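Bear in mind that the values here come from a model prediction, so they are computed numbers and not experimental data.
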Amino acid sequence: MHRTKTKKSRESMFSLFCRDNRNKECSRYSEMAERPEDLNLPNAVITRIIKEALPDGVNISKEARSAISRAASVFVLYATSCANNFAVKGKRKTLNAGDVLSAMEEMEFQRFIAPLKESLEVYRREQKGKKEARKDKDKKADSEEQDKSREEENDEDDERMEEEEQNDDEEVDN
């Protein structure tokens, strides 16, 4: 009996974002998760987002937090499904930012497109900065490594020269 109840709740959750039960993507998502709760976003993340959105001193009940969590999870799954449709149309298996933006427009969430583009630009700049910092760090490490190897070569050359001079001095003495 427990299984039937779980299966029914899973089906009702997916029916919220699937236009018809024959959609292959919907059935694939339901097969990936063992329980409907597995599809929810982490409670800590939801709690943090809610606290940031609400003014100080405002509390939220556990049921409200749970409802928001489920709604957010359904929204993410629906947006992913729509974005996946754009990737499939483009004969790609990887979703990209353009797919997500197109999905938001198709889902009639145009007011989120501009903030998403801004966030994407900030993210790309941060990633570019991190990549450049890594390159600089690698160049610096390579430069230091080359300097050390040059020093070692110079030290070895100096030692060889001293040995040769000692050998030459010994030959002269003999």
field: CE on Met104 to CZ on Arg111, rounded to 0.5 Å
entry: 9.5 Å
query: Do Val76 and Ile68 sit in the same hydrophobic cluster, where Ile, Leu, Val, Met, Phe, Trp and Tyr count as joined when their side-chain heavy atoms come under 4.5 Å apart?
result: yes
statement: Applying side chain to side chain contact (heavy atoms under 4.5 Å, CB included) to Gln110 and not counting sequence neighbours gives Glu105, Glu108, Ile113
- line: When every non-hydrogen atom of Ala103 is compared with those of Ala83, the smallest separation belongs to CB-N, 3.5 Å
task: Measure the CG-OG distance between Asn96 and Ser102 for me, rounded to the nearest 0.5 Å.
output: 8.5 Å
message: To the closest 0.5 Å, what do you measure between CD (Glu132) and NZ (Lys135)?
response: 7.0 Å
- prompt: Are Ile46 and Leu54 connected in a single hydrophobic cluster, I mean Ile/Leu/Val/Met/Phe/Trp/Tyr linked by side-chain heavy atoms less than 4.5 Å apart?
  reply: yes
message: Does either side chain, that of Arg70 or that of Ser66, offer a donor lying less than 3.5 Å from an acceptor on the other one?
response: yes
query: Atom NZ of Lys62 and atom CG of Asn59: how far apart are they, to the nearest 0.5 Å?
result: 15.0 Å
Pairwise distance CZ(Arg125) to CD(Glu121) - rounded to 0.5 angstrom: 5.5 Å
message: Membership question, hydrophobic clusters at under 4.5 Å side-chain separation (ILVMFWY): are Phe112 and Phe86 in the same one?
response: no
Polar side-chain atom of Thr47 near backbone of Asn43 as donor-acceptor pair, under 3.5 Å: yes
- line: Residue set satisfying salt bridge (Lys or Arg N to Asp or Glu O under 4.0 Å) with Arg48, at least two apart, ordered chain then number -> Glu52
- prompt: Within a reach of under 6.0 Å around CZ of Arg65, are more than 12 heavy atoms found that belong to other residues, nucleotides or ligands?
  reply: yes
- prompt: With the 4.5 Å side-chain cut-off for hydrophobic clustering, are Met107 and Leu101 part of the same group?
  reply: yes
- prompt: Run the side chain to side chain contact (heavy atoms under 4.5 Å, CB included) check on Lys51 and Val58 step by step: do they pass?
  reply: CA-CA 8 Å; Lys51 282 184 179 180; Val58 176; over 6 Å; no
message: Same cluster or not: Ile60 versus Leu41, using hydrophobic residues (I, L, V, M, F, W, Y) connected whenever any side-chain heavy atoms lie under 4.5 Å apart?
response: yes
query: What do the steps show when you test Asp99 against Asn84 for side chain to side chain contact (heavy atoms under 4.5 Å, CB included), and what is the final call?
result: CA-CA 7 Å; Asp99 297 329; Asn84 186 56; over 6 Å; no
- request: Compare every heavy atom of Ala87 with every heavy atom of Thr94, then report the nearest pair and how far apart it is.
  value: O-CB, 4.0 Å
query: Atom CZ of Arg124 and atom NZ of Lys117: how far apart are they, to the nearest 0.5 Å?
result: 10.5 Å
message: My understanding is that only residues two or more places apart in sequence, or in another chain, count here; which of them pass ring pair (Phe, Tyr, Trp, His ring centres under 6.0 Å) with Phe75?
response: Phe109
